[in-house]
Every structure is written in C-alpha cells, then in structure tokens.
Peer 1: 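Sending over a structure as structure tokens; questions will come in a sec.
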Amino acid sequence: MQHITELTRTRPTPPLRGLTVEQPPAPKSPERVTLAQLEPRNETLTAAIDAARAWSRRLTDHPEASLILSSQSKGVGKTHIAKSCWWSQYFTAKGYECPSNPFFMADQLSQMLHGADVQRAALRSMIAPGRHRFVVIDDLGIEQNLQYVSGENQTRSRQSIWYNVINHCYESKIGLVITTNLEITKQLPAWVGDAAFDRLMEMAPAGFMIDLSSV
C-alpha cells in the first residue's frame, strides 16, 4: 500500500482561491479484495454483495448509479463491501492500478467542507466530473459537531453540506457508495435532509439501499 499512499499524496490539486484541499489517503484495510472475491457468511450478506455487484454492472450505463449500505450494528461487513467496490474498479490483468476515485470518511469530508466560502469549487476538485466515476463515503451518521456552529444550527449546517455533496454528484453524474449506521427510511433522511435523500433515492433506486442490521 505504500506506493499507493505516496502517489496519492503527490497528485497535484488545482488552486482554489486560497483554499487548500488535501486528497484523502487510500483506505488501509482490509486487504485489496474485489467484489468477485467476496464470500458471504449468510443470506443478508449475500443480498448485499449481490446488490454491490449489480451496482458495479449498472455503473457502466448509469454513471450516477449509487449504493447505500446501512446497519445499526458495527462489524457486519458494510465497509468491507464498500472497499471492495472501490478496489474492483482498478483490478486489471496486470494487477491493481492506483485508485483515483475518492474515499472519504464522512466526518473528514464534512469538516473539510464546513465553512468553505468556495464549497462548489472545493467539491469540483475533490469529486471531479469527468475524472471520478464514483466516490465512497464511509460512516455517514457519526460525524462530530461542526466547529463554531451553535447547537440549534448544527442540523441545518450539516444538512446543507450533505445536500451540496449529494446534489453535486447527482448533477455531475458521479455515483456514490455510502455506508451508514443510520436506519434508511427515517434516520437517514433526517440526517442528510429530505432534499438530499430525494436525490439519493433517484441515484440508488429499489434494491440498492441495503439494510444489513440482521447480520
């Protein structure tokens, strides 16, 4: 993984009028596993892996195709599947190539975009139309409070950030792979906001929002 990290750190980032945007490092674990190599342990994981493989195929003709993996329990495998989606796009006959699609922790991304006066320019740099096919956002729902925002404004500020991210991907035809500890039908819409969730439902239609809570 060392050579991947070094390449990621040295990839140039265009100037954004004084805003410095760091590219996220490659996820460290698990080992590089493709969707084809995943081995489900039970029926719920089988359904989730099947959905991930269907998402990968759908991405060819639907560039905005997205996948949401939810579970209120930790350690069920949703991040493992998300990383497998990430690695699968870069597996060739010669081996693994350097992944360029962004992989963000949700808290990392929200803190990077919070308070940015040029948020649209920052998003175009970090999640670039024409260069990135999809972006992975891991652990949506456990972000820390935003700095310098009063308690009553936390929800509005958080929802504004996630709407901008999701809407940017929607308009730019960039897919999303999201893992979350939030229940899909009520908690997730309340966290990202109804407008952002409406976009997600278009990007990840029936069969691509998977609840792994029963694992």
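FYI, side chains are in, hydrogens and waters are out, and symmetry mates aren't considered; it's all heavy atoms of this structure.
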Peer 1: If Ile, Leu, Val, Met, Phe, Trp and Tyr residues are connected whenever their side-chain heavy atoms lie under 4.5 Å apart, and connections chain through other members, are M105 and I161 in the same group?
Peer 2: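 M105 does not cluster with I161.
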Peer 1: Any idea which heavy atoms bring L45 and N42 closest together, and the distance?
Peer 2: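 Closest approach of L45 to N42, heavy atoms only: N-OD1, 2.9 Å.
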Peer 1: At their closest point, which heavy atom of S70 faces which heavy atom of I184, and how far apart are they?
Peer 2: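 Residues S70 and I184, closest heavy atoms: CB-CG1, 3.5 Å.
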Peer 1: Apply the test side-chain contact (heavy atoms from CB on, under 4.5 Å) to residues M209 and M201: give CA-CA distance (whole Å), side-chain angles for both, the deciding distance (0.1 Å), then the verdict.
Peer 2: CA-CA 8 Å; M209 288 192 179; M201 286 194 296; 4.0 Å; yes
Peer 1: Under the side-chain hydrogen bond (donor to acceptor under 3.5 Å, both in side chains) rule, what do N101 and R133 come out as? Steps first, then yes or no, please.
Peer 2: CA-CA 7 Å; N101 289 332; R133 294 188 64 198; over 6 Å; no
Peer 1: Side-chain heavy atoms under 4.5 angstrom apart, residues restricted to Ile, Leu, Val, Met, Phe, Trp, Tyr: same cluster for V33 and W87?
Peer 2: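 Linked within one cluster.
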Peer 1: Tell me which one of V135, L109, V165 satisfies side-chain contact (heavy atoms from CB on, under 4.5 Å) with M126.
Peer 2: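 Going through V135, L109, V165 one by one, the side-chain contact (heavy atoms from CB on, under 4.5 Å) with M126 is satisfied by L109 alone.
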Peer 1: Quick one: do W191 and E143 satisfy side-chain hydrogen bond (donor to acceptor under 3.5 Å, both in side chains)? Show the steps, please.
Peer 2: CA-CA 10 Å; W191 190 261; E143 301 93 290; 3.0 Å; yes
Peer 1: What residue pairs, at least two apart or across chains, pass side-chain hydrogen bond (donor to acceptor under 3.5 Å, both in side chains) with a residue in residues 172-188?
Peer 2: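 Qualifying pairs: D138-T179, E183-T185.
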Peer 1: Would you say F208 and M203 make side-chain contact, with heavy atoms under 4.5 Å?
Peer 2: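 The answer is no; the side chains never approach within 4.5 Å.
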Peer 1: Report, as yes or no, whether the 6.0 Å neighbourhood of atom CD on E152 holds more than 12 heavy atoms from other residues, nucleotides or ligands.
Peer 2: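 It does: E152 CD has more than 12 such atoms within range.
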Peer 1: I want to check something: taking the side chain as every heavy atom from C-beta on, are D139 and F104 in contact at a cut-off of under 4.5 Å?
Peer 2: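 No, every pair of side-chain atoms sits at 4.5 Å or beyond.
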Peer 1: With rounding to the nearest 0.5 angstrom, report the CG to OG distance, L146 to S157.
Peer 2: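 Rounded to the nearest 0.5 Å, the CG-OG separation comes to 6.0 Å.
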Peer 1: Could you report the tightest heavy-atom contact between L123 and H168, atom names first, then the distance?
Peer 2: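 The pair with the smallest heavy-atom distance is O-NE2, 3.5 Å.
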Peer 1: Just wondering, do I68 and L200 contact through their side chains at under 4.5 Å, heavy atoms?
Peer 2: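 Yes, at least one pair of side-chain atoms sits under 4.5 Å.
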Peer 1: Using a 4.5 Å cut-off on heavy atoms from C-beta on, say whether the side chain of F197 contacts that of I166.
Peer 2: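 When only atoms from C-beta onward are counted, F197 and I166 do not touch, as no gap falls below 4.5 Å.
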Peer 1: Locate the shortest heavy-atom distance separating F103 from Q108; write the atom from each residue and the value.
Peer 2: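 Nearest pair, atom of F103 first, then Q108: O-OE1, 4.3 Å.
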Peer 1: Kindly indicate whether the side chain of R158, heavy atoms from C-beta on, has any atom under 4.5 Å from the side chain of N145.
Peer 2: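 A side-chain contact under 4.5 Å is absent here.
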Peer 1: Less than 4.5 Å apart, any side-chain heavy atom of I142 and any of D107?
Peer 2: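 I142 does not reach D107 side chain to side chain.
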Peer 1: If you compare all heavy atoms of S125 against all heavy atoms of H132, which two are closest, and at what distance to 0.1 Å?
Peer 2: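 So the two residues come closest at O-CE1, 4.4 Å.
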Peer 1: What's the verdict on side-chain contact (heavy atoms from CB on, under 4.5 Å) for I81 and I49, showing C-alpha distance, side-chain angles and the deciding distance?
Peer 2: CA-CA 7 Å; I81 296 172; I49 292 170; 4.0 Å; yes
Peer 1: With side chains defined as the heavy atoms from C-beta onward, is the minimum distance between L188 and L140 less than 4.5 Å?
Peer 2: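 Answer yes - side chains close enough.
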Peer 1: With rounding to the nearest 0.5 angstrom, report the CD to CD distance, Q144 to Q154.
Peer 2: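 Between atom CD of Q144 and atom CD of Q154 there are 10.5 Å.
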Peer 1: Can you find a heavy atom in the side chain of S84 that is under 4.5 Å from one in the side chain of T34?
Peer 2: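 Of all side-chain heavy-atom pairs linking T34 with S84, none is under 4.5 Å.
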Peer 1: Please tell me whether V192 and Y163 are part of a single hydrophobic cluster in this structure, the criterion being side-chain heavy atoms less than 4.5 Å apart.
Peer 2: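 Different clusters.
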Peer 1: Supply the atom-to-atom distance N164 CG to Q159 CD, rounded to the nearest 0.5 angstrom.
Peer 2: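 Answer for the CG-CD pair, N164 versus Q159, is 12.0 Å.
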Peer 1: Mind listing the closest non-hydrogen atom pair of L38 and P40 along with its distance?
Peer 2: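 Heavy atoms of L38 and P40 come nearest at O-CD, 3.8 Å.
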Peer 1: Can you tell me which residue pairs pass the side-chain hydrogen bond (donor to acceptor under 3.5 Å, both in side chains) test with a partner in residues 46-69, sequence neighbours excluded?
Peer 2: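 Every pair satisfying side-chain hydrogen bond (donor to acceptor under 3.5 Å, both in side chains) with a residue in residues 46-69: S56-Q89.
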Peer 1: Can you list the steps and then say if F134 with L59 is a side-chain contact (heavy atoms from CB on, under 4.5 Å)?
Peer 2: CA-CA 9 Å; F134 65 93; L59 195 64; 3.8 Å; yes
Peer 1: With side-chain contact (heavy atoms from CB on, under 4.5 Å) as the criterion, how do I178 and L67 come out once you've worked through the C-alpha distance, each side chain's angles and the decisive distance to 0.1 Å?
Peer 2: CA-CA 6 Å; I178 295 175; L67 177 69; over 6 Å; no
